[in-house]
Amino acid sequence: MTTDPTTAAEAVAVRGLVKAFGRRRALDGLDLHVREGEVHGFLGPNGAGKSTTIRVLLGLLRADAGEARVLGADPWRDAVALHHHLAYVPGEVDLWPNLTGGEAIDLLGRLRGGLDPRRRADLVERFELDPGVRVRAYSKGNRQKVALVAALAADVRLLVLDEPTSGLDPLMEAEFQRCVREAAAQGRTVLLSSHILAEVEALCERVTIIRAGRAVRSGTLDELRGLTRTAVVVSLRDPDGALAALRAAPGVHDPGHVDGHLRLDVDAEALDDVLALLPRFGVRGVTAHPPTLEDLFLREYGEPVGSPR
Amino acid sequence: MTAVAAATRPVAPADRRAVDRWAGTGALVRVALRVERVRLPVWLVAVVGLTAVSASSEADLFPDAASRAARAELMRSPAAVALGGPGYGLDDYTIGAMVANELGAWVSLALAVMSVLLVVRHLRGAEESGLLEVVRSTPVGRDAPVLAAVVVVTLADLVTGLALAAALVGTGLPAAGALAFGLGCGLVGLTFGATAAVAAQLVAHARTASMLGLAAIGAGFALRAAGDVRAPESGSVLSWLSPFGWSQATRAWVDERWWPLALPVLASAAAFGVAALLAERRDLGDGLLPERPGRAHASGRLTGITAVTLRRLGGALAGWAVGVAALCGLVGVLAREVVQFVEDEPALAAFFPEGSGAAADAALSRYLLVAVALAAAAGVQGVAAARVEEVAGRAAHVLAGPVGRVRWLGAQLAVVLGEVAGAVLLGGLVMGLTAASTLDDPSLVGRLLGAALGQVPALWAVTGVAVLVLGAAPRAFALAWAYLGYVALTAMLGGVLPDGSDLASPLRYTPGMPAEPMDWPAVLVLGALAVSLVSGGVLAFRRRDLLA
């Protein structure tokens, strides 16, 4: 294998990935780059291709075209060697119904080549899991905890988590976030697919947003925010005059009255000019906040596919 | 921290070896054996125990050479050949020859069903539920699940086969024959297990894969039956195409030959190889046969629980009905041979003082009982399907709406009970039509239809037991299957089992029409029993907690 120096530090390197199921193209030229040691958020609406991508990265599906490298290895050809170094938690966890949770954790650990007993005990306690219960009697959330404990206790370089917290309560969600931070502090790489934007915002340094099998945005959260608009709410002495002026100003979107205030979205590059324009109308108060991930997300999906960025 | 030290080291493809494809097999075998720690021993004890009991009961029933010779004459009839075996050793019908000839097909059948269900459960079942997705994300090779299933099913069949041999030696039969018999039956199971491994690669759903495997068993049984009838005591080409024929070709306890055992070994190895090749090349979760796209809106016919049940179970129940009808048609076609056979053998006349027509009637009523047992299996499966709805949470979904429990269960049971009755009536009609044309006796159509109708209360009673278990002890639904197994075995093994062993089977009390006259009191009592079992089950269901 030739090691490309630019990708050597990439835990996951995907270029132009295509995967079709019959006539439906689940992945349509997807790019995804995850650096070693980072927590990478993987976002997209239902059916965007997140789970398909992850299954390709695990060697469970074979890509029709494009290139995928995980820890420098081909995920289909080198699956077994690669799987010594990664652990996976699916969104819908189904395990052996007549084994106990503890047995399932140990078994998954043994398949991965052993797990750290102290870390296992610690995680079982932190996730408040009763390991003596049979899997068939667990709720969805508890089955997910079983898979999480097994994955987090494994001594691996890469954690692949596909909506791992969809069944967890807020306390367990917080515990999960602590665990991911610890894993990151130990130098592990985490690929986190999630619908819980607050979780991604709290954990991830970089984010890839996909839609219809293609990456539409990728970068740090700051970079993504810089690409979009800031929401500004101002309280003015002459709101009607301001509204007329703002409508004419470049880089201002959807200005309007909300609860006696004026609300508008401003492009990053126009922010300076717009703020300079406002004092004429007597500013009494102003709040501005950068777009949340939710704003980014809604904006990406509000636009039709293929619209210019 | 090792993870940090390793951070920039790519996973070396040098770790990759050809054996990677099998990596993790040992661990998967161990977990499969742990998961099956109850189910497989139950199968083993049931199969070995029943066989041993039947073998010793045959020894009691036919203590001397004269009684065995008379039995051998009966076994020469095409009907007996079709149901049992080609009849090796009928000239000197020892107990061993009797066991091989009259029990071999059934023991093999039981092991075949066990193997198909086992293999599908561990391959497509685990894949469909998502378990294999987690397993395959660990360092487990692409072929490891198939190889693990091979090892487990081979162990299950060989251990059962050897236990069979040991138990039969324990009843006093010679060891060589016992080994040939046990291994032969076990290898039939293995062959169908291997077939199921291929089926599990072809289709995306475990249920479809099981049905394919069971259909292969049915086809194998029919091939052997047809082949043996054409050439008794040797088997024609058709018999040699069926795994059932291979095990019987060992001629256990008559004149053992061992080379036919190589056939199932080779066939299984080939089928497992194909399964592994397919598994290696395809995506996880994918079947090779395409899925049909469905409609986006419910059609006007999808009006309620009854319609949904028909949609869910209609195909499977229709499949059972076709199986019942095929069996009955085969028997009807063979009716002529039965009559011919009795007419040619004056020695048999003593058994049928009313003439050869009575011989045909006796054969027809006996096979009708087998058809009823088959339909009862469809009934229990239909009731089990209602339980699956419950466990999967779909029942809660529906019952949270304005649908009462009695209506929910009642609508499904109406479909199931109606379809199984329809299957038996269809079987009676087909048997009547075919027998009427081969025997040139139009009255048989009406008589066999009437006979089938007379079996319906008993059929519903067996299904009713499953309903009662569903209502009263839903976690112990295996009891319903066990009871069905008991009813089916006592129906199929008929005269071989000790007298009175079928006391708890409703089929004992149904009038054996057309050989026997209609027995109204028995039919009415069975009908009342069926009604109480079903309504008792529904009432118990209404009072209990929903599962899951």
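Numbered from 1 within each chain, the chains take letters A, B, ... in sequence-line order.
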Of the listed residues (Val31(B), Leu131(B), Leu284(B)), which shares the most heavy-atom pairs with chain A below a 4.5 Å separation?
Leu131(B)
Could you please state which residues from residues 90-98 of chain A sit under 4.5 angstrom from chain B, measuring non-hydrogen atom to non-hydrogen atom, sorted by number, or 'none'?
Pro90(A), Asp94(A), Leu95(A), Trp96(A), Asn98(A)
[options]: which one forms the most heavy-atom pairs within less than 4.5 Å of chain B?
options: Arg55(A), Arg110(A), Arg136(A); value: Arg55(A)
options: Glu103(A), His83(A), Arg112(A); value: His83(A)
options: Leu99(A), Leu86(A), Val56(A); value: Leu99(A)

Any chance the side chains of Glu133(B) and Tyr88(A) put a donor and an acceptor closer than 3.5 Å?
yes
Do Thr208(A) and His40(A) have side-chain atoms, one donor and one acceptor, less than 3.5 Å apart?
yes
Pair [X] + [Y]: basic N to acidic O under 4.0 Å:
X: Asp283(B); Y: Lys19(A); result: yes
X: Glu36(A); Y: Arg157(A); result: yes
X: Glu10(A); Y: Arg35(A); result: no
X: Glu280(B); Y: Arg62(A); result: no

Under 4.5 Å to a heavy atom of chain A? For Arg281(B) that would be both
What part of Glu127(B) is in contact with chain A, defined as an atom under 4.5 angstrom from a non-hydrogen atom: side chain, backbone, both or neither?
neither
Yes or no on salt bridge (charged side-chain N to carboxylate O under 4.0 Å, His left out) for Asp28(A) and Arg25(A), after CA distance, side-chain angles and deciding distance?
CA-CA 6 Å; Asp28(A) 191 10; Arg25(A) 282 196 136 190; 2.8 Å; yes
Who passes ring pair (Phe, Tyr, Trp, His ring centres under 6.0 Å) against Phe272(B), sequence neighbours left out?
none
